[in-house]
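Take a look at the structure below.
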There are 2 protein chains.
Amino acid sequence: MGVFSKTCEYGIRAVLYIAHRTTDGSRVGIKEIAAAVDTPESFLAKILQDLSRKGVIQSIKGPNGGFFLETPSLQRPLADIVKALDGDEVFSGCGMGLTQCSEKNPCPLHKEFKKVRNQLAHMMTTTTIGQFNKELLKGTLSLKK
Amino acid sequence: MGVFSKTCEYGIRAVLYIAHRTTDGSRVGIKEIAAAVDTPESFLAKILQDLSRKGVIQSIKGPNGGFFLETPSLQRPLADIVKALDGDEVFSGCGMGLTQCSEKNPCPLHKEFKKVRNQLAHMMTTTTIGQFNKELLKGTLSLKK
DNA sequence: TTAATAAAGGATAAAAAGGTCTTTATATAC
DNA sequence: GTATATAAAGACCTTTTTATCCTTTATTAA
């Protein structure tokens, strides 16, 4: 088990792919996306459908349709993808699974785990969906395997 | 989904409980442990059985038997519990699920995610199983709910 | 208006995680 | 030895996650 679910891993990869492939208002189809980020096509379709319903990405049906990102969407943090797919437990939950864990009623790991959580949250909220576009176009960053 | 699996969350809580309850060579039974850390009893039994087989904790059957920790076990890092139950993907895996992700073939998050991972790994390898015993005895730290 | 295209939606299946129960093995006390 | 207490082991069951497939709906273009 990684930090994020498979659903979320696939989602992040797909959204970053869509971001750098559609800067010009064009759209990209599920087949191409799934191949490019190496995920099961119909499972990814469900995930993108979900992200589209939640407004993280945009989509249009029919010929020349597909998935794309409106310009403002490129400024959104990656954390939005995670929250949409996995919820925000990973950013706020107790490391040992205690629901009542807090400053007043801390678990043994509370203080230290909070630092890690916060660093993860900070990283995912300051990183935007669009910020890797140049490097993805250059091919210096990978989205598959 | 949190950072660790339920199995692992339960395991950590149980081991810390055993640690502070058995410093004098005594043992503690599954019933008491499960109640104290608020987990399903027979599921926790499986988890402790696994940790015992792997040498993270010790156990003895029969009357006055139960789970306990040999003195050296108290010095082991919490990371050992995580590795035994969840493997070490959480400490070393790619944030986006790429198996080939590396310095030479990095995913977009590689550099930043590595910092988070390393902080988590550092925290869990420098924290020992026995280090919370005093506070647990005092009752200033919580292991349930 | 029709045909083609592509995502949305729904039903289902397979695999993994989470959880329960019963039996067996082992240690202790009498 | 016998009875008893306790963890180990194994067989199950349930829920969630991961995954597939088929039908419907929306859009476009001819």
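Residue numbers begin at 1 in each chain, while the letters A, B, ... track the order of the sequences.
For K54(B), the side-chain hydrogen bond (donor to acceptor under 3.5 Å, both in side chains) partners two or more places apart in sequence, or in a different chain, are D50(B). Residues forming a side chain to side chain contact (heavy atoms under 4.5 Å, CB included) with E32(A) (at least two apart in sequence, or on another chain): Y17(A), R21(A), V28(A). Contacts of K145(A) classified as side chain to side chain contact (heavy atoms under 4.5 Å, CB included), with partners at least two apart in sequence or in another chain: D38(A), Q100(B). The salt bridge (Lys or Arg N to Asp or Glu O under 4.0 Å) test applied to K134(A) returns no partner, not counting sequence neighbours. Looking at residues two or more places apart in sequence or on another chain, you find no side chain to side chain contact (heavy atoms under 4.5 Å, CB included) involving P63(A). Partners of H110(A) by side-chain hydrogen bond (donor to acceptor under 3.5 Å, both in side chains), not counting sequence neighbours, listed by chain and number: E103(A). In this view, Y10(B) and F43(B) satisfy the ring pair (Phe, Tyr, Trp, His ring centres under 6.0 Å) rule, not counting sequence neighbours.
Residues from residues 3-11 of chain B that place a heavy atom under 4.0 Å from any atom of DNA chain C, listed by number: S5(B), K6(B), T7(B), Y10(B). Residues from residues 78-96 of chain A with heavy atoms under 4.0 angstrom of DNA chain D: there are none. Within a heavy-atom distance below 4.0 Å of DNA chain C, no residue of residues 12-25 of chain B is found.
With hydrogens and angles ignored, the 3.5 Å screen pairs no side-chain donor or acceptor of N133(A) with any backbone N or O of T23(A). Between the side chain of S102(B) and the backbone N or O of N105(B) there is at least one donor-acceptor pair closer than 3.5 Å. Looking only at distances, no side-chain donor or acceptor of T127(A) sits under 3.5 Å from a matching main-chain atom of M124(A). Of the possible polar contacts, one joining the R117(B) side chain to the G93(B) backbone as a donor-acceptor pair under 3.5 Å is found. At least one donor-acceptor pair under 3.5 Å links the side chain of R13(A) to the backbone N or O of V37(A). Remark: side-chain polar atoms of T140(A) are paired, donor with acceptor, to backbone N or O of E135(A) under 3.5 angstrom. Looking at K144(B), its side chain does come within 3.5 Å of a backbone N or O of A35(B) through a donor-acceptor pair. Judged by distance alone, the side chain of Q58(B) and the main-chain N or O of E70(B) form a donor-acceptor pair under 3.5 Å.
Rounded to an integer number of Å, the gap from I47(A) CD1 to dA19(D) P is 8 Å. Rounded to whole angstrom, the span from the CD atom of Q49(A) across to the P atom of dG10(C) amounts to 9 Å. I30(A) places its CD1 atom 9 Å from the C1' atom of dA7(C), with the value rounded to the nearest Å. Atom CZ of F67(A) is separated from atom C1' of dA6(C) by 9 Å (rounded to the nearest Å). Spacing between atom CD of E32(A) and atom P of dA7(C) amounts to 11 Å, rounded to whole angstrom units. With rounding to whole Å, I57(B) atom CD1 is found 10 Å from dA7(D) atom C1'. Remark: C1' of dT17(D) and CG of D50(A) are 14 Å apart, rounded to the nearest angstrom.
Here the side chains of L120(A) and F113(B) are in contact, with some heavy-atom distance below 4.5 Å.
An angle of 0°, rounded to 10°, separates the two end axes of the helix from dT1(C)-dA30(D) to dC30(C)-dG1(D), each defined over five pairs.
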- Task: Heavy atoms under 4.0 Å is the rule here; annotate nucleotides 20-30 of chain D 5' to 3' with B where the base is hit, S where only the sugar-phosphate is, and - elsewhere.
- Result: BB---BBBBS-
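Between S59(A) and the phosphate of dA8(C), there is a side-chain N or O to OP1/OP2 separation shorter than 4.0 Å.
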